[in-house]
Protein chains: 2
Amino acid sequence: MAGQRRSPTQVDVARRAGVSQATVSLVISGGALGNQVAESTRQAVLQAAAELGYTVNAVARSLKGGRNRMLGLYTFEPVFPVDQRDFYFPFLLGVEEATAAYGYDLLLFSSAGSGGDRRIYAGGVNRLKVADGCVLLGRHLHRDDLAELAKEDFPFVFVGRREVPGVELSYVAADYVGATSEMVAHLARLGHRRLAYLKVTDDREWTRDREAGFRQGLVAAGIPDDQVRVFAMDERAALSAVRLQDWLAAGITAVLVEPTDDDSAIVALENAAAEAGVRIPDDVSVAVLGDPPLSEATARDWTRFTLPREQMGREAVRILLELLNDNVSARQLYLDCTQVAGDSVTELPE
Amino acid sequence: MAGQRRSPTQVDVARRAGVSQATVSLVISGGALGNQVAESTRQAVLQAAAELGYTVNAVARSLKGGRNRMLGLYTFEPVFPVDQRDFYFPFLLGVEEATAAYGYDLLLFSSAGSGGDRRIYAGGVNRLKVADGCVLLGRHLHRDDLAELAKEDFPFVFVGRREVPGVELSYVAADYVGATSEMVAHLARLGHRRLAYLKVTDDREWTRDREAGFRQGLVAAGIPDDQVRVFAMDERAALSAVRLQDWLAAGITAVLVEPTDDDSAIVALENAAAEAGVRIPDDVSVAVLGDPPLSEATARDWTRFTLPREQMGREAVRILLELLNDNVSARQLYLDCTQVAGDSVTELPE
DNA sequence: ACCGGAAATTGATACGTATTAAGGACGGCG
DNA sequence: CGCCGTCCTTAATACGTATCAATTTCCGGT
């Protein structure tokens with residue numbers, strides 16, 4: 001490999017074909033005016049391009065404002081968090097599939113920083129703009145980055161509901177409200193009318209949505225508030241065996257658990273149960289409100305609901321392309337979750 | 001979406017700070033000459049930039065530099081063949097991981113063929129060049145595309161050994177020869193000295209390498225050729241129960257199987273065994289020479305070897321960057337496979 | 001032969017940044 | 001006072017493409 005050869009440009013092609021750079025551009029990117037080029041000229045240009053091995057320079061093109069047929073995928077966590085691969089992979093799969101189907105390429109923004117904290121505007125640089133638009137993904141986002149991005153009118157779609165004050169975002173979200181409500185209904189049908197709800201303290205969209213769904217389900221099932229225990233878990237206040245026994249003593253027959261990144265709530269519950277000599281589901285039913293990310297870790301086949309992750313990825317791309325091409329404003333889309341029977345919930349004898 | 005707001009540029013910052021665009025560039029990107037800026041000026045610029053919410057335009061920056069900080073990943077099969085996700089995913093994972101670690105972004109070329117057949121030079125244009133370099137992946141490649149690519153001096157690394165006449169390619173390959181040879185040694189240690197070898201008819205690198213390893217293993221174990229049956233399988237000549245019984249009658253105690261895209265060889269062997277009433281591993285030991293792509297399909301825990309797929313992906317990126325930055329010529333790298341005990345091989349009683 | 005007008009092509013410019021050579025201000029030294 | 005060097009700043013330019021206004025080419029019609 002001798003001398004880092006510069007790749008040929010439209011100017012080179014033009015020179016070879018005996019036309020101007022502008023003509024080459026018209027032939028290559030054949031916009032609306034592409035048809036105005038004479039067939040003979042077009043052929044000459046194409047042949048010259050082929051001979052030189054010309055390729056369009058995506059960077060230059062997007063600098064000018066043109067399109068690249070590239071969509072971006074940016075994740076606020078490392079693209080494939082080692083311990084959550086199985087959780088994130090389906091999203092990627094869906095995005096990739098749809099991207100390919102629409103004839104685009106997919107740019108994974110992985111560069112953003114091996115150092116834990118991923119920012120869109122790392123070092124004051126916004127790489128995202130190389131792509132025509134972008135799908136965003138991840139739990140630990142930075143709202144101000146989103147606001148900034150929106151302010152720049154850069155087209156993007158978040159996978160998951162995200163709210164930023166004063167900005168209308170586009171997203172494709174799982175219907176946590178409906179799914180949680182449905183789970184309550186399911187439990188109620190099985191005779192469970194005294195419930196515990198184990199949530200995380202973070203005040204995030206998904207936590208709020210699940211709790212809203214829970215409340216809604218209670219109302220629908222006619223379960224009064226005083227039949228219910230809501231417990232917010234964080235590092236300091238883990239779930240103790242004592243508290244669990246307390247619940248059982250109070251007549252609680254089922255626990256709804258919100259999954260977390262590290263499955264801590266589920267693990268805590270299992271530990272507490274083991275310590276207290278409480279069996280799942282014999283002594284208490286447990287329903288998980290979503291997909292436990294580390295499904296390997298906890299071997300049980302939880303009664304739960306599942307996000308349509310692949311579909312979410314696909315729909316995100318579809319909406320992104322709508323934003324791009326139809327010049328519409330922000331759009332939101334909710335998709336249904338699927339209830340999974342599992343074996344951690346039992347019917348309650350009368 | 002009212003006024004397609006353009007994000008502020010260095011010119012805007014310069015105007016606001018009362019300096020020139022060049023000075024802003026010096027302050028922001030503070031190259032070697034960045035120190036030559038007076039402290040007062042620097043502060044003024046930084047403040048103006050902060051007030052305007054300025055961010056560097058990465059596109060414009062890399063236009064100037066010629067590089068994109070993008071690596072490509074091109075697969076000759078669809079990026080995630082639905083039935084082979086588990087097989088391809090680790091490669092992607094390794095590539096992604098290394099790409100991120102080196103501070104690059106990863107472009108997945110998924111757009112290629114809606115018409116099934118994926119070619120690099122679609123429409124006479126080489127899409128790959130949008131990236132600085134490219135990792136290639138896949139079984140069903142087009143040699144001429146590779147030759148063309150190499151002729152253009154485009155930096156790329158294949159995952160898997162690939163040979164194209166007259167061209168020296170770079171690749172990261174699994175050491176099929178060593179692993180297969182080792183497998184023969186393993187069988188020999190367990191007392192198996194009459195072997196059948198089930199290969200595919202395609203004359204591809206991996207098939208040749210495995211067979212070479214097989215021959216090498218035979219020599220090392222001191223097994224003469226007449227103790228061995230080699231059977232090449234294709235659609236017309238599937239493995240029959242009769243032939244299997246024939247082998248057993250001839251004293252064959254172990255079969256080595258080359259895995260294929262669709263696990264056809266393994267499935268054929270299992271079918272033949274079932275039909276002939278032959279049990280694996282009780283009546284015959286079976287070793288698989290690689291990873292059965294559809295591991296789900298065949299529930300057994302095969303005695304086999306595993307490619308270091310993730311590592312192959314990582315190394316491919318590392319070599320690609322060497323090609324890019326150190327201006328070296330083609331490089332090849334072989335990585336060891338890992339033998340997996342499994343339960344489809346038994347020790348032979350004396 | 002000339003003209004009008006459509007068709008085909010091109011020149012010029014913008015996009016936002018990095019870089020380099022050149023310019024200007026300033027002060028010290030002879 | 002003039003010369004020179006140091007330090008700081010800037011004008012100019014290149015990068016590769018897209019786009020639009022302007023220009024040339026080409027024909028048919030009168």
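We name chains A, B, ... by the order of the sequence lines, and we start the count at 1 in each one.
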Contacts of B:Gln332 meeting side chain to side chain donor-acceptor pair (under 3.5 Å) (sequence neighbours excluded), chain-then-number -> none
So, using side chain to side chain donor-acceptor pair (under 3.5 Å) as the criterion, who are the partners of A:Tyr102 when residues are at least two apart? none
With sequence neighbours excluded, what pairs up with B:Arg318 under the salt bridge (charged side-chain N to carboxylate O under 4.0 Å, His left out) test? B:Glu315, B:Glu322
Please report, rounded to the nearest Å, how far the C1' atom of D:dT9 is from the CD atom of B:Gln43. 17 Å
Using atom types as modelled and distance alone, determine if a side-chain donor or acceptor of A:Ser62 lies under 3.5 Å from a backbone N or O of A:Val59. yes
Measure CZ/A:Arg42 against P/C:dT9 and give the value in whole Å, please. 10 Å
Value in whole Å for how far the C1' atom of D:dT10 lies from CD of B:Gln10: 14 Å
Can you name the side chain to side chain donor-acceptor pair (under 3.5 Å) partners of B:Arg16, sequence neighbours left out? B:Glu51
Just the table, please: protein N/O against nucleotides 10-14 of chain C N/O, every pair under 3.5 Å.
unit_1: C:dT10; atom_1: OP2; unit_2: A:Ser20; atom_2: N; d: 2.9
unit_1: C:dT10; atom_1: OP2; unit_2: A:Ser20; atom_2: OG; d: 3.2
unit_1: C:dT10; atom_1: OP2; unit_2: A:Thr23; atom_2: OG1; d: 2.6
unit_1: C:dA14; atom_1: N3; unit_2: A:Lys64; atom_2: NZ; d: 3.2

Which residue lies more 5' along DNA chain D, comparing B:Glu39 with B:Ala60 via nearest heavy atoms: B:Glu39
Does B:Phe91 have any ring-ring contact (aromatic ring centres under 6.0 Å, His included) partners at least two apart in sequence or in another chain, and if so, which? B:Phe87
Taking five pairs at each end of the helix from C:dA1-D:dT30 to C:dG30-D:dC1, what angle separates the two helix axes (nearest 10°)? 80°
With sequence neighbours left out, the residues meeting side chain to side chain donor-acceptor pair (under 3.5 Å) with A:Gln311 are none
Using the test salt bridge (charged side-chain N to carboxylate O under 4.0 Å, His left out), find all partners of B:Glu205 that sit at least two apart in sequence or belong to another chain. B:Arg143
I'd like to know if the side chain of B:Asp132 and the backbone of B:Arg69 have a donor-acceptor N/O pair within less than 3.5 Å. yes
Between A:Arg61 and D:dA18, is there a side-chain N or O to OP1/OP2 distance below 4.0 Å? yes
Roughly, in whole Å, what's the span from CG in A:Asp132 to P in D:dA18? 12 Å
Please report, rounded to the nearest Å, how far the P atom of C:dT9 is from the CD1 atom of A:Ile28. 14 Å
Please state how far atom CG in A:Leu63 lies from atom C1' in C:dC15, giving the value in whole angstrom units. 4 Å
